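Below: one structure, written as C-alpha cells.
Naming convention: chains lettered A, B, ... in sequence-line order (proteins, then strands); numbering from 1 in each chain. The shown structure was predicted, so the numbers you read here are calculated from the model rather than taken from an experiment.
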Amino acid sequence: MTDDKYKIQKIDDYRWRIPREGKMRVDGIVYADAHMLEDIQKDESLQQVINVSFLPGIIKHSLAMPDIHWGYGFPIGGVAAFDMDEGVVSPGGVGYDINCGVRLLRTGLYRVELVNKLESVVNTLFANIPSGVGSHRKDLKLSQQEVKNVLKNGARWAVSLGYGTKEDLEHIEEKGCIAGANPELVSGRAIERGLAQLGTLGSGNHFVEVGYVSEVYHVEIARVLGLEKDGITIVVHTGSRGLGYQVCDDFLRVMINAARKYSIELPDRQLCCAPINSQEGREYLAAMACAANYAFANRQMITHWVRESFERALHIGPKESKISPVYDVCHNIAKFEDHIVEGEKKRLCVHRKGATRAFPPNHPDTPDAYKAVGQPVLIPGDMGRCSYVLVGTEKAYADTFGSTCHGAGRVMSRGQATRTAKGRSIAQELKEKGILVRADSRATLDEEIPEAYKNVTEVVDVVEHAGISKKIVQLKPLCVVKG
DNA sequence: ATGTAC
C-alpha cells in the first residue's frame, strides 16, 4: 500500500519515487516490492531517505535498497553520492561499523565430507576466533606502531606476516587497502581499542558461517567464482570493531562543529557532515580509510584462523581444504568513484551504508578474474535461512551508482526480538533445522532470531528483478559461530 | 554496530 505520508509514486513493480518537495534537492528512490514497502513504512527510514536528500551536492537521487531500515541519521540500506566540489561527507552515511563487510571463502570440500564432523568444526572455530562484545585475542596484542601499519596497509599487512597469500589480496574489494589512510588522524583511544581486537568477530549480526552451495542459478558464472553445487563455503561477516566505532564517534563531534562552521542546514543533527574538500571532510575520509583497512585486515586474519581450524578439526592439510577467498565486500563505506552523470563521467563521493558495491563486467575495479562476469556481491541472510552470491550489472552502474542491497534487513528492533525469543531456546530450534550454532552469549542469539529479519530471498528477488544484480548461487548454513 | 551511557 502506498502511504500519502510520503507521497510515494510507483515507478514499476520494484521501484518507488518520493518526489522532491520543500528542501529536498533530489527525489528519493526506493527499491522494494509492494509488500516490503509496507514493512519499510513501519519505522522512520523513509523520513531518513528524505532527510539525506536535503544535503548539499547530492547527485541524482537519495537511494534506498529493499533491506532498508532505521539507522543513525542515514538509513541502513541507503546510497547517496555527492559532487566533489559542492558535496559533503558524513560519518552517519558510513555508519559506526566502518567497513563492516562480508568475505566468502570457497573450499575443496563437499557436503558429504562434513557429515558427523560439524560439531568438531564449529567448536574449533569457536575456540580459535574470539566472539562477543569486547572480544580480544590473548595470543596477539599489537604495539601502537604495528596497529598504525595495519591502518595504512590493510589486508596486505596480514599477508606480509604470513596470514594468507598474495593471491588472497586479488579477491578483496580495493585489494584490501583503501588509499589515503593517515593513522596520525586516528585518536589514541581508537588505536588503544584496536590493539588486541584484530582477528576477532564482535557481536550482533557478526558471524562465521560454514555452509554449502544449495542452489546454482547460473552454472557458468558460478564456475568462474569457483562455486559448485554442494561445495562447502564459509561466510565471514565482521567489521572494524572498537577501533572503527571510536573513529566514527570522534568524528561525529568534529562534524557537528563543521556543519555549523560551513553553514550546512541539517534536518537532523545525526546527518552532521562537512564539505568533501574541507579540512574536516578530508580528515574524516583519511581516518575512515584507516578503520576500513583495519576491517580488511580483520577479515584476513579471521581467514587465517578459519584455515587453521578446518585443518585441525578435519585432520587435513591446506592442499585438501583448499580454502580461498571468492571475494570480500565492504557494505559501510564512502568512496571516490567515477560515474556517468547527465552523460558525462564525473568523480563522486559515494556513501554506501548497508549497501554493497555491484560493479558490472569489464569495470576497471572489477577484479581481473571476474572481468567477464561482474563483481561478486555477497548477501548474508539471517542464521536460519540462507545467503546469496550475486554479481553486479550495467544497470546498477547506470541507476544506483553501482550499488545493491547488503542483507536481509531488520524488521524487529533488538528489544522486540528479545521479547519474541523469551522462553525459547534458539540454539535448540536451529539444531532441529540441522544448523549447529555456538554463541558467546545467549542474548545475542535471541536478538538475532530469524523472524527479526526480512526474508533475504525476497530482498534478493527485488534487486534481481530491478536489474541491479544477478543471482548466481544460494548458500545454506550448516554451522555458525556468533557473537 | 559499540568496553550496548565517560
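- Two residues, A:V133 and A:R410, neighbour DNA chain B, and the one matched to the more 5' nucleotide by heavy-atom proximity is A:R410.
- Atom OH of A:Y96 is separated from atom P of B:dT4 by 12 Å (rounded to the nearest Å).
- The side chain to side chain contact (heavy atoms under 4.5 Å, CB included) check on A:D461 picks up A:T457, A:H465, A:K471, with sequence neighbours excluded.
- Among the heavy atoms of the strands, none lies under 4.0 Å from A:H136.
- For the side chain to side chain contact (heavy atoms under 4.5 Å, CB included) test, residues two or more places apart in sequence or in another chain that qualify with A:A291 are A:I98, A:S240, A:L243, A:V247.
- In plain terms, the two heavy atoms of A:P91 and A:L252 that are nearest each other are CB-CD2, 3.9 Å.
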Solution key, residues 474-483 of chain A side-chain donor-acceptor pairs under 3.5 Å, sequence neighbours excluded:
from	atom 1	to	atom 2	distance (Å)
A:Q474	OE1	A:S214	OG	2.9
A:Q474	NE2	A:Y388	OH	3.2
A:K482	NZ	A:G204	O	3.3

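- Among the atoms of the strands shown, only primed sugar atoms or phosphate atoms (P, OP1, OP2) are found under 4.0 Å from some heavy atom of A:G204.
- A:R189 has its CZ atom 7 Å from the C1' atom of B:dC6, to the nearest Å.
- Pairs passing the salt bridge (charged side-chain N to carboxylate O under 4.0 Å, His left out) check and including a residue from residues 404-430 of chain A, sequence neighbours excluded, read A:R410-A:E448, A:R414-A:E447, A:R424-A:E429, A:R424-A:E451.
- Applying the side-chain hydrogen bond (donor to acceptor under 3.5 Å, both in side chains) test to every pair with at least one member in residues 54-74 of chain A, sequence neighbours left out, gives these pairs: A:D67-A:H406.
- No engagement by A:E192 is indicated, since no non-hydrogen atom pair under 4.0 Å with the nucleic acid exists.
- Of the residues in residues 236-252 of chain A, those with a non-hydrogen atom less than 4.0 angstrom from any atom of DNA chain B are A:R241, A:G242, A:Y245.
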